[in-house]
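All figures in this text were calculated on a predicted structure; none of them were measured in a lab.
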Amino acid sequence: MRIRPLKAAAHTLTALALAAFATTSLASGAQAQAAPAAAHYGAKPMAHAGQLKPAATSTNTLRVGSSASQGVVSPTPKVYLVFWGSQWSSDPAGVAADMQSMFKGLYGTADTWGTILSQYCEGVAKGTVTCGTKGIHVKHPTSTPLAGVWFDNSTAAPTNAAAADIATEATNAAGHFGNTTQTSNLNSQYVVVSPTGTHPDGFPNSGFCAWHDFTASASYGKLAYTNLPYIPDSGAGACTTFTDGRMLSGIESTETHEYAETVTDTWPSIGWNGGGGEIGDACVQLDAYVKLTTGTFDLQGLWSNAANKCVTHG
């Protein structure tokens, strides 16, 4: 979902949530910069358990926004984790290991959550609601979607990175991983994870847990990427529906939100959107602990056109 000032009619729930939380100053983010003016997609609202309610189901049906056969979905998704900055020598919550473990297990029969995505496709008429056997569908991975990990510790990540800085880091990552053509970037998404103590794009005072977008590189083509802050800095319960005090739940829930939205709206917003936003936006109040081969993780619910509701398994 894209957050646009004064244009929230189609995305009332999330826009109102963002407006409310954008003015909230959390203790851990006291030095964060002011809320950004730039618009981005899939912005999961900054909240703690119980502060958000699900959107009305009658408006959430997803429709494809373009008849294109590229950039609508990622049929064979590949995730590149980018741990930005020399500050990753400090990782008090264990985010780096956790993100790698989660994606290493997000495939196969143990992953009943990722199967939700396989109903969505590209290469069908704009406005399509049900792909059926038509188009090119998202394929449920038979092996880990984690294609690469980079600890970019050449310099420190900015304390207050601007959105343009994050996009530049995603472009740097594409070069690092050798994805130097549009073809190699069609199914790739770069998750730029900022270190503890930083405030990328104003986090947390800007009202989001994370967002995703794309940037255009003259050399590499369009690149899908995510701005993923160090969410444990906001405390247990931030960005998750769980209240058990587990510090990693919020960042797991948030990244699965952004991952799924990037897979189904790779170059926003020509992919799948509805009255409640993208596939994760209407379902921010539905989390589940899912046991994968690599551990148990907090995965956020996703909108299923097939079920006509938010679900946590396909």
Side-chain angles (χ1 to χ4, degrees), residues 1-24 29 32-47 52 65-66 71-72 74 79 82 84 157-158 160-171 173-174 185 188-194 198-217 222-231 234 239 250-251 253-274 276-284 300:
M1 182 187 76
R2 191 174 191 181
I3 306 302
R4 298 180 179 90
L6 306 180
K7 294 184 180 180
H11 306 299
T12 303
L13 174 73
T14 307
L16 288 175
L18 282 171
F21 288 106
T23 59
T24 302
Q33 63 188 27
H40 296 288
Y41 298 85
K44 182 173 182 176
M46 170 58 71
L52 293 175
S66 169
V72 175
S74 297
V79 176
V82 182
W84 189 17
N160 296 292
D165 299 324
I166 301 163
T168 297
E169 181 65 4
T171 304
N185 283 302
S188 301
Q189 56 176 280
Y190 302 94
V191 182
V192 180
V193 195
S194 291
T198 61
H199 312 286
D201 200 32
F203 171 86
N205 289 350
S206 46
F208 62 77
C209 300
W211 49 255
H212 76 99
D213 210 328
F214 75 95
T215 186
S217 165
K222 292 181 178 179
L223 309 176
Y225 72 99
T226 293
N227 170 27
L228 184 61
Y230 200 91
I231 291 171
S234 294
C239 306
I251 196 165
S253 175
T254 297
E255 176 46 29
T256 50
H257 174 116
E258 302 302 336
Y259 165 73
E261 292 191 336
T262 303
V263 170
T264 55
D265 193 13
T266 306
W267 300 338
S269 57
I270 66 172
W272 292 81
N273 280 267
E278 294 178 312
I279 192 171
D281 291 320
C283 307
V284 294
Q300 194 207 281

Does [X] have any side-chain hydrogen bond (donor to acceptor under 3.5 Å, both in side chains) partners at least two apart in sequence or in another chain, and if so, which?
X: T266; answer: S74
X: W267; answer: none
X: N185; answer: Y190
X: Q189; answer: none

Closest approach of [X] and [Y], non-hydrogen atoms and distance?
X: E258; Y: Y41; result: OE1-O, 4.2 Å
X: G42; Y: H212; result: CA-CD2, 3.8 Å
X: S194; Y: Y230; result: O-CB, 3.5 Å
X: D281; Y: G276; result: CB-O, 3.2 Å
X: T254; Y: C239; result: OG1-CB, 3.3 Å
X: D265; Y: G271; result: OD1-N, 2.7 Å

Quick one: does [X]'s side chain get under 4.5 Å of [Y]'s, heavy atoms only?
X: P229; Y: P200; result: yes
X: V193; Y: E255; result: no
X: F203; Y: I231; result: yes
X: T226; Y: E261; result: no
X: F208; Y: D201; result: yes
X: V82; Y: E169; result: yes
X: V72; Y: W272; result: yes

Can you tell me if K44 uses its side chain to pair, donor with acceptor, with the backbone of V284 under 3.5 Å?
-> no

Determine yes or no for a side-chain-to-main-chain donor-acceptor pair under 3.5 angstrom, with N205 supplying the side chain and G202 the backbone.
-> no

Enter the distance from [X]:[atom1] to [Y]:[atom2] here, rounded to the nearest 0.5 Å.
X: I166; Y: T171; atom1: CD1; atom2: OG1; value: 12.0 Å
X: Y259; Y: T264; atom1: OH; atom2: OG1; value: 10.0 Å
X: D213; Y: T262; atom1: CG; atom2: OG1; value: 9.5 Å

Without hydrogens or angle criteria, can the side chains of Q300 and H257 be said to hold a donor-acceptor pair below 3.5 Å?
-> yes

Which residues share a side-chain contact (heavy atoms from CB on, under 4.5 Å) with A157, sequence neighbours left out | W84, Q87, P195

